[in-house]
Amino acid sequence: MKLSFEYGHGMMDAQLPDNTDIFIPGETVADPPCIPEAELEERTLQSLRNPIGMEPLSKLAKKGSKVTIVFPDRVKGGEQATSHRKISIKLVLQELYAAGVEKKDILLICSNGLHRKNTEQEILGVLGRELFDEFWHCGQIINHDSEDYEHLVDLGTTERGDPVLMNKYVYESDVAVLIGHVQGNPYGGYSGGYKHCATGITHWRSIASHHVPSVMHRKDFTPVSSTSLMRTKFDEIGQHMEKAMGKKFFCCDAVLDTKSRQIEIFSGYAGEMQALSWKVADKRTYVHFAEKKYDVLVFGMPQFFHYGEGMGTNPIMLMQALSAQVIRHKRIMSDRCVIICSSICNGYFHDELWPYTRQMYDMFQKDYMNTLPDMNRYGEYFATNEEYIRQYRYCNAFHPFHGFSMISCGHIAEMNTSAIYIVGAQEPGIARGMGLKTRATFEEALEDAKKKYVGDNPNILALPRAFKTAAVHLCMKNGTPEAISLPNHPCCG
């Protein structure tokens, strides 16, 4: 059969065996029904007014209350007119104003964490014209700055010893609202809940307590689950923040489908509501599809996706993207599984977005750097580089420690595959420098994999649009839904 896969800014064709299975999120297996657009405001308002585990905003806020509304950056959730950010923030404001809160006492904060600060145009895209015009021009929409020490507060450590530094505006506010999305995420199962505050409004030293090899290379991390040590640390850090603040975050999280439409909305105390939201999200995210384990996964990598332009060509980011697919799909991969992925791999690092990754790549080629975890000892060196920090703060670049969270993730693909082939690389030496094999075509890569790893009749799974849709976590068909998050269960590999 002939299939097409993402490749740079276009597509690359592949001739695969006719017995190749195909999976496309939201199409091969339909998502649960989403809330009709006409009902979104009513359902969101109902959730806000009946929060789980805490009082509604009408009782938490009053005239004179200082309020922060924390919303995810452009990496998370959709930007359609009915997106969760746009609807929920509008209704949160409605409830706050009705309780007597004045506009001047409200601050909207983009929870970009170590991601690059969102530009004015990107903020407009995620919030919409109405909210943007109401708050941007008076300086009441800001990006979180994890290097702005005048507006960070050091909260010491969790009982486990993980450092907790957080946004001072949020810490000092009377009411702190988190607008989140419950969508499948290879880092701890789901976005939203305590993951939102533990990564979005904190500091690189906090993130370095969980986005590192000692956490990400554990057996409980791959395949993805909501019971991993990483997820536990998210919860501990978020609850430590709440204890230090003397108040709970008021969360409003939407379970999203493949097109970032709301399936259900949950509001209230994350300690109680996030597990309830996961039960609903599990029905869409953990898809019990596979009747056999697959020896070959085939997909394509565009140049632009998720974190930005160049993600599919920058070798550090490319490795993270490969590993994300492994984390999601490990349950249905055989022990000899290989990956075949198209990437234009043309030497484009996008130095403005990731100014430090070229240096990382060069260092990885030398000085006994045999596997990506060997690079981890340089984390603090990069994270405290003043020029890279200036580019993060003032040039919309990613924070330098973000690259180390990518490296920690990137090694997972090597840990869990027999080989990874990059197809169509214009500068194949860059891929080989990351430990990847290179071939000119999908067909050549598959023939080589047959000879060396998977035999003449491998089970092949094709994943068209793997990076252009909101991904799922594929499971074996005989796995039971209620067991997906239990470690060592047969469903979980």
Side-chain angles (χ1 to χ4, degrees), residues 3-16 74-75 115-116 297-326 338-366 369 372 375 382 388 391 395-398 400 402-407 409-414 417 419-449 462-469:
L3 294 172
S4 295
F5 297 92
E6 291 93 335
Y7 175 68
H9 292 297
M11 304 292 286
M12 178 183 280
D13 291 338
Q15 191 68 41
L16 298 175
R74 60 159 295 278
V75 173
H115 294 176
R116 64 183 182 84
L297 299 186
V298 185
F299 50 86
M301 196 173 293
Q303 182 164 303
F304 175 88
F305 63 100
H306 196 51
Y307 288 125
E309 178 67 36
M311 183 167 180
T313 53
N314 182 302
I316 306 297
M317 306 308 297
L318 182 150
M319 287 301 300
Q320 187 277 340
L322 290 168
S323 293
Q325 295 298 329
V326 172
V338 304
I339 288 174
I340 302 175
C341 174
S342 55
S343 168
I344 201 165
C345 197
N346 57 4
Y348 180 51
F349 278 70
H350 200 166
D351 295 301
E352 295 76 20
L353 208 59
W354 295 289
Y356 44 82
T357 53
R358 192 180 296 271
Q359 183 184 3
M360 287 179 176
Y361 179 82
D362 289 343
M363 291 176 74
F364 182 55
Q365 309 307 310
K366 304 168 185 175
M369 295 292 142
L372 282 171
M375 283 289 294
F382 277 82
Y388 293 151
Q391 289 173 286
C395 301
N396 301 97
F398 282 82
H402 187 259
F404 281 83
S405 69
M406 300 295 100
I407 283 174
C409 184
H411 183 59
I412 291 170
E414 180 179 342
T417 59
I420 300 169
Y421 292 84
I422 296 298
V423 173
Q426 292 182 356
E427 294 194 19
I430 291 176
R432 291 195 292 267
M434 299 302 293
L436 309 175
K437 294 180 177 293
T438 56
R439 292 294 186 275
T441 67
F442 282 102
E443 292 81 3
E444 289 178 44
L446 181 57
E447 285 307 307
D448 193 68
L463 300 165
R465 303 207 299 273
F467 296 105
K468 289 293 189 181
T469 55

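Hydrogens, waters and symmetry mates play no part in the numbers below; they use all other heavy atoms, side chains included. The residues of the chain are indexed from 1 along the displayed sequence.
- In this structure, the side chain to side chain contact (heavy atoms under 4.5 Å, CB included) partners of Gln15, at least two apart in sequence or on a different chain, are Lys2, Glu443.
- With Leu322 as the fixed residue, the side chain to side chain contact (heavy atoms under 4.5 Å, CB included) test singles out one of Thr417, Ile412, Leu436: Leu436.
- To the nearest 0.5 Å, atom CE of residue Met317 and atom CE of residue Met301 are 10.5 Å apart.
- Every residue two or more places apart in sequence or in another chain that forms a side chain to side chain contact (heavy atoms under 4.5 Å, CB included) with Ala324 is listed here: Pro186, Gln320.
- In terms of the side chain to side chain contact (heavy atoms under 4.5 Å, CB included) criterion, residue partners of Met369 (sequence neighbours excluded) are, by chain and number, Phe364, Asp374, Met375, Arg377, Tyr378.
- Residues satisfying the side-chain hydrogen bond (donor to acceptor under 3.5 Å, both in side chains) test with Glu414, not counting sequence neighbours, are none.
- In this structure, OH on Tyr7 lies 9.0 Å from SG on Cys345, to the nearest 0.5 angstrom.
- Evaluation of the side-chain hydrogen bond (donor to acceptor under 3.5 Å, both in side chains) rule for Thr357 yields Asn314 as partners, not counting sequence neighbours.
- When all heavy atoms of Phe5 and Ser342 are compared, the pair lying nearest together is CB-OG, 4.0 Å.
- Interatomic distance, NE2 of His411 versus CD1 of Ile407, reported as 12.0 Å (0.5 Å rounding).
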For the pair Ile344 and Gln303, evaluate side chain to side chain contact (heavy atoms under 4.5 Å, CB included) and give the outcome as yes or no after the intermediate values.
-> CA-CA 7 Å; Ile344 201 165; Gln303 182 164 303; 3.8 Å; yes

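- The stretch residues 346-359 participates, sequence neighbours left out, in these salt bridge (charged side-chain N to carboxylate O under 4.0 Å, His left out) pairs: Asp351-Arg358.
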Can you list the steps and then say if Leu297 with Gln325 is a side chain to side chain contact (heavy atoms under 4.5 Å, CB included)?
-> CA-CA 9 Å; Leu297 299 186; Gln325 295 298 329; 5.6 Å; no

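- By the 30° and 60° cut-offs, the orientation of the rings of Tyr388 relative to Tyr356 is perpendicular.
- Taking all atoms of both residues into account, the shortest heavy-atom contact from Met12 to Ala440 is CE-O, 4.4 Å.
- Residues Gly312 and Ser343 come closest through the heavy atom pair O-OG, 2.7 Å.
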Phe398 vs Met406, side chain to side chain contact (heavy atoms under 4.5 Å, CB included): CA-CA, chis, key distance, verdict = CA-CA 11 Å; Phe398 282 82; Met406 300 295 100; over 6 Å; no

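- For Thr438, the side-chain hydrogen bond (donor to acceptor under 3.5 Å, both in side chains) criterion is met by Arg432, not counting sequence neighbours.
- Contacts of Ala445 classified as side chain to side chain contact (heavy atoms under 4.5 Å, CB included), with partners at least two apart in sequence or in another chain: Ile340, Tyr421, Val423, Arg439.
- Tyr307 pairs by the side-chain hydrogen bond (donor to acceptor under 3.5 Å, both in side chains) definition with nothing, not counting sequence neighbours.
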Pair Ile420-Cys341, side chain to side chain contact (heavy atoms under 4.5 Å, CB included): steps then yes or no | CA-CA 8 Å; Ile420 300 169; Cys341 174; 5.6 Å; no

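- Residues forming a ring pair (Phe, Tyr, Trp, His ring centres under 6.0 Å) with Tyr348 (at least two apart in sequence, or on another chain): His350.
- Taking all atoms of both residues into account, the shortest heavy-atom contact from Leu16 to Ala462 is CD1-CB, 4.3 Å.
- Residues satisfying the ring pair (Phe, Tyr, Trp, His ring centres under 6.0 Å) test with Phe304, not counting sequence neighbours, are none.
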